[in-house]
There are 2 protein chains.
Amino acid sequence: MAYRETPRMRARKEATRQRILDTTQSLVASGGFGAASVARVAEESGVAIGSVYRHFESKSDLFAEVFRHATEVEVKRVGEALNTTGPADEALAKALEVFARRAIRSPTMAWALIAEPVDPLVDEERLRYRQAYAELFEQTLVRGIREGCFRPDQNPKLSSAATVGAIAEALVGPLSPAADGLDREKADQLIHDVVRLCLQAVRAPGGQQQ
Amino acid sequence: MAYRETPRMRARKEATRQRILDTTQSLVASGGFGAASVARVAEESGVAIGSVYRHFESKSDLFAEVFRHATEVEVKRVGEALNTTGPADEALAKALEVFARRAIRSPTMAWALIAEPVDPLVDEERLRYRQAYAELFEQTLVRGIREGCFRPDQNPKLSSAATVGAIAEALVGPLSPAADGLDREKADQLIHDVVRLCLQAVRAPGGQQQ
DNA sequence: ACAATGATTGAATAACAATTCAGTTCTTAC
DNA sequence: GTAAGAACTGAATTGTTATTCAATCATTGT
């Protein structure tokens, strides 16, 4: 008898697979999903085109996995920021700052995750991603309404979606200053302003103003 | 001698050109720019593919013209709403309502104008479009700050971009309720909520709450 | 060493859309 | 009616990418 899959081989395949994922993620980060052709992914991963298909059913499959991984990281970070014992408005401010800071640091990745058109398989992941955000923000909005620091007469789902849109457009959109030509100080000012804007939008009238 | 361009012919050509523009616009309205292939445009306009190129340099050229026309209408409507003599906050509320109402009525067109990726030539138009909005909103924000109804310590450009993003995401984004399955009452409620959210974001603390 | 089997390769294929252009039809002026 | 020239046609061309697969290479157990 002959070839049997050994741990060594399994590990090597796993490593190649991971390398393809990493390469794809970095291509997406620098030019969006549109910049990640299978040929490019293969070349930068140091494998043949055909080998990509040995590790992933299709390009969409590969993209979906990259998307899922990237968004899990984002949602986790925002979720951590929300999980404080302090007042809801402080938690929300912290979370929005995390969201905004990450978006401004990797604007192309932010665009790819939030707005770049992708095929249906990847779009499913995006829906999950947005729902994850919506749920996180919604929980905190609801908590803040109970605590009295957020307006009670708002639709938390709507506020949550609008908040994501506001940050995305202000920091990543075509009118935003090119994130590259932005020194630390300017970036901080921008993040501070947009977070305050978003917070004020949901805050209860008469609450403390920062 | 022979063929000379007559008024009749000029009018006919103009009509065909216009028909192509109209067809394209309606294809964009129902499926975005992605749904408007040259073949489809030609077929629905009742001309051959080649004829499209007789009237427009390229597909991008055609798209750019459709984009420009569609956005001129939008910007004009919003500009009219802002041009009132009343207080700046009322003017802004009216304008945001117009913007939101039109977006929710034609969500696909709104997406195409605001977020769908397009080639560079069309993207230039989009930049102009966004700048037009930014300037309109900015003027009114600045006026409102002078009048005391908007926070003075905000960046009007940023607020303006964030406002467009908030409305777009809340009403047109993937988390928004399908605009089709939305009765008049629900739509009105949604528009009302998002306009109030946006207004509160820029309003001066202590100003009257609606 | 070697047979068996899986992994890898990349040129060929497939699918799709924009653009071209040689041939045809239409319009005009006489 | 007809000739000149423009307008129109749509099949063929071009360009781009995802996907396949026959051939080659690598790993394993004996």
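So that the names make sense, note that chain A is the first sequence line, chain B the second, and so on, each numbered from 1.
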For nucleotides 22-26 of chain D, print each protein N/O atom paired with a nucleotide N/O atom at under 3.5 Å, atom names and distance only.
none

- In this structure, CG of L92(A) is separated from CG of L96(A) (nearest 0.5 Å) by 4.0 Å

- Query: Are the side chains of K186(B) and D183(B) in touch, meaning some heavy atoms are under 4.5 Å apart?
  - Reply: yes

- Task: Could you work out which one of dA18(D), dT27(D), dA7(C) sits closest to the side chain of R8(A)?
- Result: dT27(D)

- Between CZ on residue R196(A) and CD on residue E97(A), distance to nearest 0.5 Å: 13.5 Å

- Quick one: F33(A) CZ to dT17(D) P, roughly how many Å, whole number? 17 Å

- Lys/Arg N to Asp/Glu carboxylate O, E124(B) vs R128(B), below 4.0 Å: yes

- Roughly how many Å is it from CD in E5(A) to P in dA7(C), rounded to a whole number? 7 Å

- Item | Spacing of I49(A) atom CD1 relative to dA18(D) atom P, expressed in whole Å | 9 Å

- Query: Do the charged groups of D22(A) and R19(A) touch, with an N to O distance under 4.0 Å?
  - Reply: no

- Message: Distance check, rounded to the nearest 0.5 Å: R101(A) atom CZ versus L171(A) atom CG?
- Response: 10.5 Å

- Flag the pair F150(B) / L199(B) as yes when at least one side-chain heavy-atom distance between them is below 4.5 Å, and no otherwise. yes

Detail all sub-3.5 Å separations between protein N/O atoms and N/O atoms belonging to nucleotides 13-15 of chain C.
none

- Message: What is the distance, to the nearest angstrom, from the CG atom on L121(A) to the C1' atom on dT19(D)?
- Response: 16 Å

- Message: Can you tell me which nucleotide in dT9(D), dT28(C), dT28(D) comes closest to the side chain of M9(A)?
- Response: dT28(D)

- Provide, to the nearest angstrom, the distance between the CZ atom belonging to R40(A) and the P atom belonging to dT17(D). 11 Å

- Rounded to whole angstroms, how far apart are CD on E43(A) and P on dT8(C)? 18 Å

- Task: Hey, can you tell me if F137(B) and F99(B) have their rings parallel, tilted or perpendicular (30° and 60° cut-offs)?
- Result: perpendicular

- Message: Tell me the interatomic distance from D119(A), atom CG, to dT17(D), atom C1', rounded to whole angstroms.
- Response: 13 Å

- Query: For R10(A) and dG6(C), what is the distance between atoms CZ and P respectively, to the nearest whole Å?
  - Reply: 14 Å

- Task: Look at the side-chain N and O atoms of T6(B) and state whether any lies under 4.0 Å from the OP1 or OP2 oxygen of dT28(C).
- Result: yes

- Query: How are the rings of F33(B) and F67(B) set to each other: parallel, tilted or perpendicular (split at 30° and 60°)?
  - Reply: parallel

- Item | Nearest-0.5 Å distance that lies between atom NE2 in H192(B) and atom CG in N155(A) | 12.5 Å

- Message: With the threshold set at under 4.0 Å for non-hydrogen atoms, list the residues of residues 51-65 of chain A touching DNA chain D in residue-number order.
- Response: Y53(A), S58(A), K59(A)

